Structure formats: structure tokens, C-alpha cells
Amino acid sequence: SAHGPLAGAAVVVSAGGTREPLDPVRFLGNRSSGKQGAALVAAAAAAGAQATLIAANVDSGVLAELPAAVAVEQVNTTAELEAACAAHASHADVIIMAAAVADYRPAAAAEHKMKKSGDDLTIALVENPDILRGLVELRDAGRARTGQLLVGFAAETGSHDGSAESLAQAKLLRKGCDLLVFNDVSGDRAFGRDDNAVVVYRAGTGGAEEVTRSEGSKADVSKDVIAAVAAERSR
Ligand code: C5P
């Protein structure tokens, strides 16, 4: 619809999980299904946004259920996701980084399928760029859409020291984004499931401020997150 709290806004959501090739048939990956990101982009479209999903290995069934109005770009590796995000930086009003990005990739992918050697194998990994941090830097350098809102996700298992709030605080500062959606993925929660529980924080003058708490289906949670995005845009 052309109406709604995000009417006319270009909203880009990254979803799923990046995969880093080890050889032509193997990769390092993660358990993200892309359901939360898909629900978010659908909620953004329902709120009137011109919505784009950058899908990193999102289940085909999840993609098939997207509203027709959502533009989909498929990527595989972190480098491809980074390039796709950078291509949207100049015109996106909102970028929501819901994708689970591989923090490391193999230093080199083997050209041919790796063979067993009969001995232990050590694989050298190099750190991937932080895409969200890079988007913040583009914006700070004046190379992004004016007023662009950048939203990060924090998937935490709660095994760290300190509260959700202090983790959110630290991550907001480290990333420099405007909103952070804190997602508890401990136990069975979140990955591949249809329900979720999140807390949304904003970067206030005094640090992380809680804006919304939401629990329920990924669709319901997404509606609340998109409402928080629209509210932040009109602050
Ligand atoms: O630091 P951490 O991985 O917990 O941060 C998660 C947030 O940062 C998510 O929004 C994720 O999409 C984004 N991210 C990124 N590039 C990375 C790692 C995470 O954009 N290399």
C-alpha cells in the first residue's frame, strides 16, 4: 500500500545467513532460516515501504511466501552481501541488518574438493568485514541517503556476562547504528522457529534506551519492530 507509517520509504532488509566456501561442495555457515528477516520485510511492505529483501541462503519456502511487492536479491557469501548492501546505501531510507553474517571465512577456498589425508586438518580463517559498521561509516562520510536509519540485530545466547541491556548498550556503541533489536537465541528459541522475543533499543544521548519489547509470532514481532523504525524516523 502507498499508505502507512513507512509510505514511500525505501526499506532494505538483509536476512538469512552467509556461507563461506571451503571448497566447491562445502561451506561454513549458520542456522539462520531467514524467517525473521522475511517477516520484517513483509511488515515493512505492509507499512507502505518500497521493500527489498537481500536474501542470504533464505529457505525457498520462506521466499515463496513473501508479498509480491517485495523485491528480492539473492546472495551467498559475506562479500556478496556486503556488495549488495553497499549498492543500496545511496538511496535506502532504512537498512535493517537481520542477516546472520559469518564473522570469519576460510583464508582461501580450495579449487577442487578437499580429500581426506588421514591426518587432522587445520583451516585458517580470516575475519570478515562488519557490514553494518561499514554502512555507518558510509553514512558518516556523507555517502548515504540523508537521514538514513540503520538497524542492527543482536542475537545473543545469554552466556555472556552482564544483562541484555548492557550488551545492547555495548553493541550500539560499537556498531554506531540507530536501533538495535536484541534477540535471545538461547536454547531452541529463534532459529528456524515461527515465534520470537525481542527488545528494541535506540541510541539515545545517554546510551541505549529501551523503546519496545515484543514477543509472539515473527510476524507480530516484526510489526512492532517496524513501528519502532517508523517512530524513530519521525523523531
Ligand atoms: O557483532 P554481531 O555479529 O553480534 O552484530 C550483529 C549485527 O551486525 C547484525 O545486525 C548483523 O547483521 C551485523 N553484522 C554485520 N557484519 C558482520 C557481522 C554482523 O553487518 N560481519
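Whatever order the structure lists ligands and atoms in, that order sets their numbers, starting from 1. Not measured: the values here are computed from a predicted model. Computation of the quantities below employed the complete heavy-atom set of this structure, encompassing side-chain atoms and omitting hydrogens, waters and symmetry-equivalent molecules. The first residue in the sequence is number 1, and the count goes up from there.
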| task | Sequence neighbours left out, what pairs pass side-chain hydrogen bond (donor to acceptor under 3.5 Å, both in side chains) with at least one residue falling in residues 131-154? | result | Asp93-Arg145, Arg133-Glu137, Arg139-Asp178
| task | May I have all residue pairs that pass side-chain hydrogen bond (donor to acceptor under 3.5 Å, both in side chains) and include part of residues 101-126, sequence neighbours excluded? | result | Arg105-Asn128
| query | Only one of Val62, Leu63, Ile96, Val12 clears side-chain contact (heavy atoms from CB on, under 4.5 Å) with Leu53; which? | reply | Leu63
| query | Listing by chain and number, which residues have a heavy atom under 4.0 Å from ligand 1? | reply | Met97, Ala99, Val101, Asp103, Pro129, Asp130, Ile131, Leu132, Gly152, Phe153, Lys171, Arg174, Lys175
| query | If you round to the nearest 0.5 Å, how far is CD of Glu232 from CG of Leu150? | reply | 11.5 Å
| Which residues pass the salt bridge (charged side-chain N to carboxylate O under 4.0 Å, His left out) test with Asp130, sequence neighbours left out? | Lys175
| query | Using a distance-only test with no angle check, is there a side-chain donor-acceptor pair under 3.5 angstrom linking Ser222 and Gln36? | reply | yes
